[in-house]
Amino acid sequence: MNIFLSLRPLGENYANPKTCFFHVLFKAAGLAMYILSALFFDSFVIIFVVMVLLAALDFWVVKNVSGRILVGLRWWNEINEAG
């Protein structure tokens, strides 16, 4: 089977473009901050705090927003009466 047959056309719209945008945005913001932080800040503490906040925001977006909307994940258990 040809691998290129399963790829989407370039102009095709996605179901949740805003969710995909924010999913990538927080990952790119963390990476950009890590790489470029020495240009903007002299203090390691400021860099560390901003990186922890960006990592926390990225985790929250991936767990609660992207996971729920894009993948359909749910973070609770359902137990039926039959066991």
Side-chain angles (χ1 to χ4, degrees):
M1 183 169 117
N2 192 354
I3 191 169
F4 296 109
L5 293 177
S6 63
L7 296 177
R8 291 181 168 211
L10 291 176
E12 188 172 335
N13 291 332
Y14 294 100
N16 295 300
K18 290 179 187 175
T19 306
C20 292
F21 173 74
F22 284 108
H23 182 87
V24 173
L25 176 75
F26 284 113
K27 295 197 181 300
L31 183 62
M33 178 65 189
Y34 181 73
I35 293 172
L36 302 173
S37 61
L39 297 174
F40 300 114
F41 303 108
D42 293 332
S43 173
F44 173 77
V45 174
I46 294 174
I47 295 170
F48 183 79
V49 168
V50 171
M51 285 303 302
V52 167
L53 289 174
L54 286 173
L57 286 172
D58 176 49
F59 177 77
W60 181 82
V61 166
V62 169
K63 180 180 178 285
N64 292 322
V65 180
S66 299
R68 182 175 50 85
I69 295 174
L70 295 178
V71 185
L73 295 176
R74 298 288 186 246
W75 294 94
W76 62 79
N77 293 329
E78 293 182 10
I79 301 172
N80 64 12
E81 297 298 325

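Just so it is clear, the model here is predicted, and its values are computed rather than measured. Atom set for the values below is all heavy atoms of this structure, side chains included, hydrogens, waters and symmetry mates excluded.
Contact detail for F41 and M33: the closest heavy-atom pair is CE1-CE, 3.3 Å.
V50 and F48 are not part of a single hydrophobic cluster, where members link through side-chain heavy atoms under 4.5 Å apart. In terms of hydrophobic clustering, with Ile, Leu, Val, Met, Phe, Trp and Tyr side chains grouped at heavy-atom distances under 4.5 Å, F44 and M51 are assigned to different clusters. Cluster annotation: V65 and L25 are assigned to the same hydrophobic cluster (Ile/Leu/Val/Met/Phe/Trp/Tyr, side-chain heavy-atom contacts under 4.5 Å, transitive). Under the 4.5 Å side-chain contact rule for hydrophobic residues, L31 and F40 share a cluster. V24 and F21 are members of different hydrophobic clusters when ILVMFWY side chains are connected at heavy-atom separations under 4.5 Å.
Summarising the geometry, atom CG belonging to D42 is positioned 10.5 Å from atom OG belonging to S37; distances are rounded to the nearest 0.5 Å. With values rounded to the nearest 0.5 angstrom, H23 atom NE2 is found 12.0 Å from I69 atom CD1.
Exactly one residue among I46, I47, L53 makes a side chain to side chain contact (heavy atoms under 4.5 Å, CB included) with V49. That residue is L53. Tested against W60, the residues D58, N64, V62, L57 include a single side chain to side chain contact (heavy atoms under 4.5 Å, CB included) partner, N64.
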